[in-house]
Amino acid sequence: MKEKSINNQRVISIKLLLPILIILIMAGMPSVTFAHAILVESEPKAESIVDTPPDQIKIWFNENVASEFKSLAVINSAGKRVDNNDVKQATLDRSHIYATVPKLPPDTYTVRYRVMSADTHIITGKFTFTVASPGKAEIPAK
């Protein structure tokens, strides 16, 4: 009878320790994060009003993006693409892509982008900025 009680205690102990052991092993394993690239910065800033037209549109993501499948387009308010169709990726900072633009006249522009994030998902997005007439730029209210 005593032997049966000891065996039951061992079975109960093993049943309690096994989940704890599994949790400890999993906690010690390196985790793989599958997150998508997120736009974290742009020049000009999203929704900004500038009085000096930029010569480049620059965007940065929270992680490196693939060099394939990247695009960046600047569209004016009439729906016409106005960038130089020359998107590039920075050599040392793979989270940064940019494209040049000719001298932009006053207008509101939409920047559209498409990149492949580290987890191979295609990420698309857009934001606007406005080139004001000289001397007319205002700081947007917060």
Side-chain angles (χ1 to χ4, degrees), residues 3-142:
E3 240 178 84
K4 191 173 184 179
S5 175
I6 291 174
N7 284 339
N8 284 342
Q9 287 177 350
R10 284 186 187 158
V11 170
I12 291 171
S13 294
I14 291 172
K15 286 182 178 181
L16 291 175
L17 288 176
L18 189 59
I20 293 170
L21 184 60
I22 291 171
I23 290 170
L24 289 174
I25 290 171
M26 289 176 64
M29 294 174 70
S31 63
V32 177
T33 303
F34 292 105
H36 301 314
I38 298 168
L39 180 72
V40 294
E41 186 178 350
S42 67
E43 285 181 23
K45 296 213 177 295
E47 315 312 321
S48 67
I49 301 172
V50 298
D51 59 358
T52 303
D55 57 355
Q56 286 187 340
I57 306 302
K58 306 173 185 178
I59 59 178
W60 289 265
F61 297 91
N62 66 327
E63 64 181 36
N64 290 345
V65 294
S67 59
E68 311 83 31
F69 312 113
K70 67 184 173 298
S71 68
L72 190 151
V74 182
I75 314 296
N76 67 14
S77 62
K80 181 182 177 201
R81 185 171 183 172
V82 296
D83 62 278
N84 292 322
N85 200 12
D86 63 349
V87 65
K88 292 185 174 66
Q89 187 169 25
T91 304
L92 298 177
D93 180 1
R94 307 302 288 170
S95 71
H96 172 54
I97 64 171
Y98 58 94
T100 62
V101 290
K103 185 167 171 74
L104 299 173
D107 198 356
T108 296
Y109 297 91
T110 300
V111 176
R112 295 182 176 273
Y113 58 87
R114 178 179 185 262
V115 295
M116 181 191 297
S117 63
D119 65 354
T120 70
H121 282 90
I122 300 296
I123 306 302
T124 61
K126 65 181 179 177
F127 65 90
T128 63
F129 71 94
T130 300
V131 176
S133 298
K136 302 286 185 189
E138 300 174 12
I139 298 172
K142 290 187 177 185

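Keep in mind the model is a prediction, meaning the values are calculated, not measured.
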Selection residues 83-103 - residue pairs positive for ring pair (Phe, Tyr, Trp, His ring centres under 6.0 Å), sequence neighbours left out |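 Ring pair (Phe, Tyr, Trp, His ring centres under 6.0 Å) check on residues 83-103 returns Trp60-His96, His96-Tyr98.
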Can you tell me how far CZ of Phe61 sits from CD1 of Ile38, rounded to the nearest 0.5 angstrom?
->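 These two atoms lie 10.5 Å from each other.
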Calculate, to the nearest 0.5 Å, the distance between atoms NE2 and CD1 belonging to His36 and Ile122 respectively.
-> 11.0 Å
Sequence neighbours left out, cut at 3.5 Å: what donor-acceptor pairs do the side chains of residues 123-132 make with other protein atoms?
{"residue": "Thr128", "atom": "OG1", "partner": "Glu47", "partner atom": "OE1", "Å": "2.7"}
{"residue": "Thr130", "atom": "OG1", "partner": "Thr108", "partner atom": "OG1", "Å": "3.1"}

Residues that Glu41 engages under salt bridge (Lys or Arg N to Asp or Glu O under 4.0 Å), provided they are two or more places apart | none
Determine the minimum heavy-atom distance between Ile97 and Lys70, stating which atoms define it.
-> CG2-CD, 4.0 Å
Please report the closest heavy-atom contact between Asp93 and Ala90, naming both atoms and the distance.
->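 Where Asp93 meets Ala90 most closely, the heavy atoms are O-CB, 3.4 Å.
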Residues pairing under side chain to side chain donor-acceptor pair (under 3.5 Å) where one sits in residues 78-89, two or more places apart or in two chains, turn out to be Arg81-Asp83, Arg81-Asn85, Asn84-Thr100, Asp86-Thr100, Gln89-Arg94
With sequence neighbours left out, which residue pairs that include part of residues 95-112 fulfil the salt bridge (Lys or Arg N to Asp or Glu O under 4.0 Å) condition?
-> none
Is Ile57 close to Ser42 at the side-chain level, that is, under 4.5 Å between some pair of heavy atoms?
->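 Answer no - side chains too far apart.
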If we only count heavy atoms from C-beta on, is the Glu63 to Ser117 side-chain gap below 4.5 Å?
->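 Yes, at least one pair of side-chain atoms sits under 4.5 Å.
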Audit row: Ile49, Asp51, side-chain contact (heavy atoms from CB on, under 4.5 Å) steps and yes/no = CA-CA 7 Å; Ile49 301 172; Asp51 59 358; over 6 Å; no
